[in-house]
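Single-structure report; data block below.
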Amino acid sequence: MKPELAALISEALEQLVSQGVLAEVPDTAPQIDRPKDPSHGDLSCNIAMVLAKRVGMAPSELASQLIAALPANELVDRCDIAGPGFINFFINSSRHTEVVRTILEAGAAYGRSDAGGGRRVQVEFVSANPTGPLHVGHGRGAAIGDSLGRLLEATGWSVQREFYYNDAGQQINNLALSVQARALGKNPDHPDWPADGYRGGYIEDVASAYLSGETVLAADRKITGGGDPKDLDAIQDFAVACLRREQDQDLKAFQVVFDEYFLESSLYGSGAVEKTVETLQQAGHTYEEQDALWLRTTDFGDDKDRVMRKSEGGYTYFVPDVAYHHNKWQRGYERVINEQGADHHSTITRVRAGLQGLDVGIPEGWPEYVLHQMVTVMREGAEVKLSKRAGSYVTLRDLIDWVGCDATRYFLVARAPTSQLTFDVDLALARSNENPVYYIQYAHARCASVLRKARETDPGLEVAEGLAHLGYLSEAETLALAITLGRFPEVVATAAERLEPHDVANYLRDLAADFHSFYNAHKVLEGSPETMKARLALVAATQEVIASGLELLGVSAPDAM
RNA sequence: GCGGAAUUAGCUCAGCUGGAUAGAGCGUCGGUCUACGAAACCGAAGGUCGCAGGUUCGACUCCUGCAUUCCGCGCCA
């Protein structure tokens with residue numbers, strides 16, 4: 001509807017040029033907005049105010065000339081000039097209800113587009129170290145990242161979901177040492193407990209599983225506990241497998257599926273890390289100082305240079321990070337989106353700097369990042385800080401156990417990633433208006449219920465019959481619902497462009513509210529057969545859109561609750 | 001100290017990349033079921049959009065300071 005109106009306005013502008021009112025057609029495309037206040041029409045345009053000064057006319061004068069020059073059309077019922085010079089357009093109400101036809105014909109495809117043109121995009125998210133269970137922050141990353149993937153798929157991108165497994169380096173070493181200490185019967189308060197050891201209760205579970213020779217199946221391999229507390233390598237392999245299995249189970253319970261788990265260790269095995277260092281050296285961006293090898297990241301916007309190879313010989317974490325992202329580039333991902341916790345934001349500059357330093361034609365802003373802020377968990381009015389199992393943090397599993405997958409996903413994705421999130425467990429459990437998950441799902445269940453009821457009395461019912469009677473949809477609540485249904489494609493497109501899945505959550509809240517209002521104001525299964533059929537079609541369309549929207553968030557759309 | 005994010009109703013948050021009288025839910029107050037599902041609806045009260053400047057026809061939105069909160073700031077990952 002917007003492009004259609006914009007085209008009409010452009011024509012009017014050309015008309016004014018040919019009449020000599022305007023000297024030339026402005027280079028800026030007319031901007032069309034949806035006013036908040038219904039009395040301001042369905043769509044409005046600010047072009048008269050934007051051009052007024054340049055043209056030397058009063059905005060209202062220009063606006064009325066524009067309206068006069070508007071070509072004949074069936075879209076606009078009437079238009080007003082209001083406020084400082086807005087042109088408000090009232091759209092023919094039949095255009096609003098036509099969306100029902102569009103939706104029922106398109107089905108699940110309604111709202112989707114091919115804006116991405118099938119281009120490939122990789123979304124990397126979660127990427128937790130296999131040193132403990134996933135915590136709520138990982139949960140937020142999982143909810144946002146997966147939803148981003150769904151949004152990009154819905155807008156025509158070919159999406160690959162990737163999890164980077166940090167299975168090399170110091171943290172894994174600490175994990176092995178911690179498990180070993182437990183296997184030797186020490187607890188975290190023991191004087192010989194490793195300095196940076198992991199203290200959570202899960203370490204003890206891993207240790208006893210190792211000692212008893214348990215076999216775990218993680219990803220593509222099977223590994224059995226060796227039982228020897230002195231064999232650190234065996235302990236490490238076993239511990240990583242255990243924690244990876246646990247994370248896999250959590251992700252499965254969270255309905256998140258990855259296409260690829262990329263192992264950091266493979267970058268060492270393939271020589272990619274060495275190669276990265278060589279490339280950076282050859283490109284002349286490195287220097288040696290105090291026995292260490294440095295990368296001049298300040299050449300690429302960093303505030304200080306970074307060490308690549310430590311004086312004692314090992315590489316810092318950021319070298320494999322650069323190697324990893326180079327690998328992504330080599331795999332042909334011209335677009336990569338990394339979803340991470342905001343506490344890692346300082347790595348962005350470093351990774352991009354390293355990639356620039358490789359001098360292989362990677363664009364400056366590559367890869368893109370979506371950072372989410374911290375999550376705190378509230379329960380019974382108090383902040384929850386400890387998980388029985390993990391010790392120092394609340395796990396994703398805790399949330400799923402407390403409130404279920406749907407509510408957890410919804411709450412973690414419904415807020416802008418940039419804002420800190422307070423996860424209120426009691427709210428997520430509430431079965432009322434105050435809980436948006438149930439509010440939206442309830443709207444869906446109501447749609448299903450009405451349609452069920454209609455089919456009970458008329459088993460041969462075809463909702464499409466209502467399409468012949470859309471003219472019967474005329475009341476304020478009914479039109480408001482239809483208008484909101486019509487916004488869905490824009491919402492999906494914008495949310496995908498801006499990488500903000502919470503737009504979809506907000507939209508669904510609005511849509512559910514409009515549906516509940518309609519439902520309370522007008523009986524669907526009463527009145528003339530034409531009205532009833534038309535309303536049933538509207539209900540079916542609403543059900544379709546709610547289901548599609550929830551799907552984008554990874555939340556289920558139940559027919560009954 | 002440096003960098004990032006945030007600051008909007010009593011609470012939790014939106015605010016469509018600069019538009020008109022800043023919106024929801026909860027909470028408070030008052031209404032609506034012999035029921036197409038009340039897990040719902042309708043109405044009322046509630047705001048100097050952290051503070052001060054600037055940019056312009058117009059600023060919650062952009063710019064500059066300041067304040068406060070959170071997160072980073074290692075030859076850890």
Side-chain angles (χ1 to χ4, degrees), chain A residues 31 33-37 39-40 44 46 49-50 52-53 58-59 82-86 88 129 131 166 168-172 174 196 264 290-294 303-304 306-318 320-321 341-349 371-374 376 378 414-422 424 427 430-436 438-439 441-443 445-446 448-454 456-457 477 487 490-491 494-495 497-498 500 502-503 505-507 509-510 512-513 515-526 532 535-536 539 560-561:
Chain A
Q31 186 187 331
D33 292 309
R34 291 182 187 272
K36 294 166 197 160
D37 185 338
S39 73
H40 294 146
S44 77
N46 64 356
M49 289 178 292
V50 175
K53 198 174 187 182
F86 290 102
N88 293 336
N129 294 340
T131 53
N166 219 300
Q170 193 54 37
Q171 303 196 76
I172 297 301
N174 288 338
D196 297 315
E264 182 191 3
Q290 294 171 342
D291 297 328
L293 181 67
W294 297 69
D303 54 353
K304 55 181 172 187
R306 305 291 166 180
V307 169
M308 296 168 62
R309 192 174 55 229
K310 301 180 253 183
S311 48
E312 41 88 352
Y315 293 115
T316 56
Y317 73 92
F318 121 88
D321 266 8
D343 53 342
H344 288 89
H345 94 266
S346 58
T347 67
I348 297 175
T349 315
L371 300 181
H372 64 260
Q373 296 286 329
M374 300 278 98
T376 53
M378 299 288 289
R415 300 261 145 87
T418 51
S419 69
Q420 290 175 45
L421 174 66
T422 303
D424 186 332
L427 178 62
R431 304 196 155 206
S432 71
N433 209 346
E434 63 188 304
N435 186 338
Y438 288 113
Y439 184 81
Q441 290 184 323
Y442 182 49
R446 266 185 158 176
S449 174
V450 172
L451 291 165
R452 247 191 329 262
K453 208 100 184 172
E456 276 171 25
T457 46
E477 296 86 355
R487 276 172 49 208
E490 277 172 44
V491 169
T494 315
E497 266 168 40
R498 307 198 311 182
E500 290 185 343
H502 72 280
D503 289 349
N506 289 331
Y507 168 78
R509 185 75 189 56
D510 289 348
F515 175 73
H516 287 310
S517 292
F518 158 77
Y519 181 90
N520 276 277
H522 308 288
K523 297 281 186 193
V524 176
L525 302 178
E526 289 177 11
M532 186 183 87
R535 286 178 177 162
L536 280 170
V539 169
M561 296 167 69

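Reminder, nothing fancy here: chain letters follow the sequence lines and each chain counts from 1.
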When you compare [N] with [M], how far apart are their [atom1] atoms, in angstrom units rounded to a whole number?
N: B:rU56; M: B:rC63; atom1: C1'; answer: 13 Å
N: B:rA14; M: B:rU7; atom1: C1'; answer: 15 Å
N: B:rG19; M: B:rA59; atom1: P; answer: 11 Å
N: B:rU28; M: B:rC36; atom1: P; answer: 28 Å
N: B:rA20; M: B:rC33; atom1: C1'; answer: 40 Å
N: B:rA22; M: B:rA38; atom1: C1'; answer: 31 Å
N: B:rU55; M: B:rC42; atom1: C1'; answer: 44 Å
N: B:rU8; M: B:rG47; atom1: P; answer: 15 Å

Rounded to the nearest angstrom, tell me the gap between atom [atom1] in [X] and atom [atom2] in [N].
X: A:R306; N: B:rG3; atom1: CZ; atom2: P; result: 14 Å
X: A:N166; N: B:rA77; atom1: CG; atom2: P; result: 9 Å
X: A:L371; N: B:rA6; atom1: CG; atom2: P; result: 11 Å
X: A:L427; N: B:rG25; atom1: CG; atom2: C1'; result: 9 Å
X: A:R509; N: B:rA39; atom1: CZ; atom2: C1'; result: 12 Å

Charged tip of A:R446 within 45° of A:F515 ring normal and under 6.0 Å
no
Is a salt bridge present between A:K36 and A:D33, judged by a nitrogen-to-oxygen distance below 4.0 Å?
no
Hey, does the side chain of A:S517 reach the backbone of A:A513 with a donor-acceptor pair shorter than 3.5 angstrom?
yes
Expected output: side-chain A:R309 to main-chain A:T316 donor-acceptor under 3.5 Å
no
Given pairs defined as Watson-Crick or G-U wobble with both distances under 3.5 Å, what dot-bracket annotation applies to RNA chain B, with ( ) intrastrand, [ ] crossing, | other strand and . unpaired?
(((((((..((((.....[...)))).(((((.......))))).....(((((..]....))))))))))))....
Which residue lies toward the 5' end of RNA chain B, A:A512 or A:A82, if each is placed at its nearest nucleotide?
A:A82
Nearest-nucleotide 5' precedence on RNA chain B, A:E312 against A:H40:
A:H40
Taking atom [atom1] of [X] and atom [atom2] of [Y], what is their separation to the nearest 0.5 Å?
X: A:N166; Y: A:E264; atom1: CG; atom2: CD; answer: 4.0 Å
X: A:H372; Y: A:R415; atom1: NE2; atom2: CZ; answer: 15.0 Å
X: A:S346; Y: A:D303; atom1: OG; atom2: CG; answer: 9.0 Å
X: A:Q171; Y: A:T131; atom1: CD; atom2: OG1; answer: 5.5 Å

Contact class for [X] vs. all strands (heavy atom < 4.0 Å): base, sugar-phosphate, or nothing?
X: A:Y315; value: sugar-phosphate
X: A:S311; value: base
X: A:D510; value: nothing
X: A:A292; value: base
X: A:S44; value: base
X: A:Q441; value: nothing

Salt bridge (Lys or Arg N to Asp or Glu O under 4.0 Å) partners of A:E312, counting only residues at least two apart:
A:K310
Would a 4.5 Å heavy-atom cut-off, applied to side chains only, mark [X] and [Y] as touching?
X: A:Y442; Y: A:H516; result: yes
X: A:I348; Y: A:L371; result: yes
X: A:V450; Y: A:L525; result: yes

Does A:T418 place a side-chain N or O at less than 4.0 Å from the phosphate oxygens OP1/OP2 of B:rA6?
yes
Please determine whether a side-chain nitrogen or oxygen atom of A:K304 lies at a distance below 4.0 Å from atom OP1 or OP2 of B:rC2.
no
Tell me, for nucleotides 28-38 of chain B in 5' to 3' order, what letter each nucleotide earns: B for a base near a protein heavy atom under 4.0 Å, S for only sugar-phosphate near one, - for neither?
--------BBS
Under a 90° cut-off about 0 for the syn range, is B:rC60 syn or anti?
anti
If the glycosidic angle sits within 90 degrees of zero it is syn, else anti. Tell me which applies to B:rU17.
syn
Protein N or O to nucleotides 70-72 of chain B N or O, pairs below 3.5 Å:
{"from": "B:rG72", "atom 1": "O2'", "to": "A:S346", "atom 2": "OG", "distance (Å)": "3.2"}

Quick test: give all pairs of protein nitrogen or oxygen and nucleotides 56-59 of chain B nitrogen or oxygen below 3.5 Å, distance rounded to 0.1 Å.
{"from": "B:rC57", "atom 1": "OP1", "to": "A:K53", "atom 2": "NZ", "distance (Å)": "2.9"}
{"from": "B:rC57", "atom 1": "OP2", "to": "A:K53", "atom 2": "NZ", "distance (Å)": "2.9"}

Tell me whether A:F86 is stacked on the nucleobase of B:rG19, counting only the six-membered base ring and applying the 5.5 Å and 30° thresholds.
no
Atom pairs, protein N/O to nucleotides 14-17 of chain B N/O, distance under 3.5 Å:
{"from": "B:rA14", "atom 1": "OP1", "to": "A:A416", "atom 2": "N", "distance (Å)": "2.9"}
{"from": "B:rA14", "atom 1": "OP1", "to": "A:S419", "atom 2": "OG", "distance (Å)": "3.3"}
{"from": "B:rA14", "atom 1": "O2'", "to": "A:N506", "atom 2": "ND2", "distance (Å)": "3.1"}
{"from": "B:rG15", "atom 1": "OP1", "to": "A:H502", "atom 2": "NE2", "distance (Å)": "3.3"}

